[in-house]
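Structure first, commentary second.
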Amino acid sequence: MTHNQFSGGQARNVVQAGSVGRIDLTVPAAPLPEPDPDARRLAGLVGGQWRAEAAARGLFGPLPLPVPWRTEHRLADHPELAGDRPSTVHTGPAEIAEMFLALPERRLVVLGGAGSGKTSLAVLLLLRLIDRLGPEDPVPVLVPLASWEPGKQPLREWLAERLTKDYPTVPVARLLAERRLLPVLDGFDELPPEHQADALRALNRSLAPGDPLVLTSRAEEYRRAAGQSRVLHASTALRSRPIPAAGVGEALRHHAGPQQLDRWQPVLDEIARHPTGPVARALANPLLLSLAREVHGRPGADPADLLRFPDRESLTHHLLDRLVPTLAPHAARTLGGLAAHDEPDLAWWRLYWRLTRPVMARRWSRFLAVLLFLAACAVIALGDRSAHPLLSAAATVTSGALLGLASGGYESRARARRPSPHSPRTRAVRTAALVLGCPALVLAALPVRHWVPGSARALGTASTALLLGWLAVLLLLAGRAWFRRTARAVSAERLSSPAAALRGGRRRALAVGAAAGWAWCELLSVGPDPEPPWQALGTGLSAAAAVVLASQWGAYTLARLVLAAAGRIPLRYAAFLAEAHRLGLLRRVGSVYQFRHESLRERLAQQAP
């Protein structure tokens, strides 16, 4: 009997002729794929952001809420597409993560009623997937779905824009195009009801084989939309179940601790005696259970007040009404006004819309705004700056303010940067053309002065303007490259926070305004017919102010000052939102804030004056 041993070979096939005995085959292991550095950095940003947010929401307590999740076959796709899953009850994110990774297409729909813990499960599932992320696994990113308009913008384009704003130092458009992202879309039910069926169709159209997705929604809204289109392709559905009465009592007992247990004993006794009573049924909802612990667990509050309400609805209203006065009594009026605003995202760059919407929502007002802007531009272009310097400066600044307030800033019209299809050599050639092309044109135009009589003045002015514009573009590109390089050293918390987005917007606005003002001042100061230095300086300053006011940060600053003067928001608006988040009334999602729960926002909006 022959004995053959192979070691370290690279051949794919080994053929043994004749007598075949024992064969020992040893081949080198295949090298592990290299992880994408941008994907790794994004995973660190997302994990750091949501780990801090989960801690702020109390999701890492010593005893997590025992929310049961059951497979919902009626709202899942066909078993041969989604995977034949038995009706199993899952109680933790670790178990659900294992189930999700075993799905054929890794598509999951998380369903439940209001306050059932859908978003909390999505956050914990995201963190669990990041903890066990492999080199080739897509990075999960959680995005609220409420701001998507499916009829106006494709899903991937909207995702790229939103994630670029949340994570500006990561090329998310490239990662999305290369299928290195796992979108966790939260709040399908927060889309307008008339758009939900179209949104589900658009989701199905955007999914290619192998594209993973997690979607959260209230069950009734998803069922209605699926009835008008179809369920998510190749998806499995989980639906939350009420927390058992024993789990409610255990959660309250652990929260109270040994020192406060006497205060909660009447409530615990009521839940034990009447497991189907109004208190047990109301607190079986994770949101209401957490509100009861916060509102009635503070010193001076009596948990026995929960027993005064005859039904679940009245107890729900009581807890929602008492949360803001308990945590931040001074902020009740302002939060009510914010809740009445119909946009779920409290984004600083959208504050201008609260000021201009009553006017700009009408067609004639938009036409009037365009006329005013054109009139201001005409005053700048045709007016005599030497005779009316203040009028020219006022028209310049007014035109910038009108442009910013009408459009929300020129940055809002920019799309997310897509991955470049050009090779490194092509990009190097384009960079060299940008750096050397303008001086080459100016030098080439010098002999024309001698060949064409009377062209010296016009060519001098054109060459000066071209050189100054070229210098301004190079300055802006160098500044942008420096900002991108230095921003990567900033911590994950600062990169993905609303405060960091606001600082970045202010920094960009001032940098662009300063460059524009300097270029305009230099253009007027040199050339065949230069203006006086003081006049060129004033014109440059007014141009810089106009550019700053036409930016997102400029529009936000104008709107903040006007709304604060009207008493509708605090003057320190960003600090107010940060404090409300610290107190647990708001949650942070990337670069925006949202109310802690949609039920709280709806209740505050109903009571807003």
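Throughout, residue positions are numbered sequentially from 1 according to the sequence presented.
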Got a donor-acceptor contact below 3.5 angstrom from the Ser235 side chain to the Leu232 backbone? yes
Taking Arg128 first and then Asp131, would you say they form a salt bridge - that is, a charged N and a carboxylate O separated by under 4.0 Å? no
Do NZ/NE/NH1/NH2 and the carboxylate oxygens of Glu220 and Arg218 come within less than 4.0 Å? no
Could you check whether any side-chain heavy atom of Arg174 comes within less than 4.5 Å of a side-chain heavy atom of Asp36, counting everything from C-beta outward? yes
Is Arg201 reaching over with its side chain to a backbone N or O of Gln228, donor-acceptor style, under 3.5 angstrom? yes
Exactly one candidate in His597, Glu53, Gln594 meets side chain to side chain donor-acceptor pair (under 3.5 Å) with Arg587; the answer is Gln594
Test item: Leu175 and Val170 side chains (from C-beta on) under 4.5 Å apart, heavy atoms: yes
In this structure, CG of Leu600 is separated from CG of Leu585 (nearest 0.5 Å) by 7.0 Å
May I ask you to decide if Gly187's main-chain N or O and Thr216's side chain share a donor-acceptor pair within less than 3.5 Å? yes
Run the side chain to side chain contact (heavy atoms under 4.5 Å, CB included) check on Leu346 and His581 step by step: do they pass? CA-CA 11 Å; Leu346 301 177; His581 171 258; over 6 Å; no
Any salt bridge linking Arg603 with Glu598? Criterion: basic side-chain nitrogen under 4.0 Å from a carboxylate oxygen. no
If you measure from the Lys or Arg side-chain nitrogens to the Asp or Glu carboxylate oxygens, is any gap between Arg180 and Asp38 under 4.0 Å? no
Under a 3.5 Å distance rule, please check whether Thr334 uses its side chain to pair with a backbone N or O of Ala331 as donor and acceptor. no
Within 45° of the six-membered ring axis of Trp158 and under 6.0 Å from that ring's centre, is NZ or CZ of Lys152 located there? no
Keeping the roles fixed (side chain from Lys118, backbone from Gly113), state whether a donor-acceptor pair exists under 3.5 Å. yes
Verdict with supporting geometry, Leu163 and Val143, side chain to side chain contact (heavy atoms under 4.5 Å, CB included): CA-CA 8 Å; Leu163 292 173; Val143 185; 3.6 Å; yes
Parallel, tilted or perpendicular: rings of Tyr222 and Phe188 (30°, 60°): perpendicular
If you apply the rule side chain to side chain donor-acceptor pair (under 3.5 Å), what do you find for Glu161 with Gln153, and how did you get there? CA-CA 11 Å; Glu161 288 187 11; Gln153 195 172 18; 3.0 Å; yes
Side chain to side chain, Tyr573 and Leu338, heavy atoms closer than 4.5 Å: yes
Does atom CZ of Arg241 have more than 12 heavy-atom neighbours from other groups under 6.0 Å away? no
Heavy-atom side-chain proximity of Tyr556 to Ser551 below 4.5 angstrom: no
Does Glu190 reach the main-chain N or O of Ala146 with its side chain, forming a donor-acceptor pair under 3.5 Å? no
Determine whether Thr119 and Arg57 satisfy the following criterion, side chain to side chain contact (heavy atoms under 4.5 Å, CB included), listing intermediate values before the conclusion. CA-CA 11 Å; Thr119 301; Arg57 299 185 190 186; 3.5 Å; yes
When you measure from the side chain of Trp348 to the backbone N and O of Thr557, does any donor-acceptor pair fall under 3.5 Å? no
Taking side chain as C-beta onward, heavy atoms only, is Asn285 less than 4.5 Å from Pro242? no
Could you give me the CA-CA distance, side-chain angles and deciding distance for Leu181 and Leu159, then say whether side chain to side chain contact (heavy atoms under 4.5 Å, CB included) is met? CA-CA 10 Å; Leu181 299 184; Leu159 266 177; over 6 Å; no
Electrostatic pair Asp345:Arg162 at N-O distance under 4.0 angstrom: yes
Non-hydrogen side-chain atoms of Pro150 and Arg205 separated by less than 4.5 Å: no
Validation row: Pro498, Leu577 side chains within 4.5 angstrom (heavy atoms): no
Does the side chain of Trp69 reach to within under 4.5 Å of the side chain of Ile96, using non-hydrogen atoms? yes
Arg224, CZ: over 12 other non-hydrogen atoms inside 6.0 angstrom: yes
Donor-acceptor pair, Asp211 side chain versus Ala208 backbone, under 3.5 Å? yes
Salt bridge or not between Arg132 and Glu98? Use side-chain N to carboxylate O under 4.0 Å. yes
For the pair Asp137 (side chain) and Gly134 (backbone), establish whether a donor and an acceptor sit closer than 3.5 Å, ignoring hydrogens and angles. yes
Just by modelled atom types, is the Ala234 backbone N or O under 3.5 Å from a matching donor or acceptor in the Asp77 side chain? yes
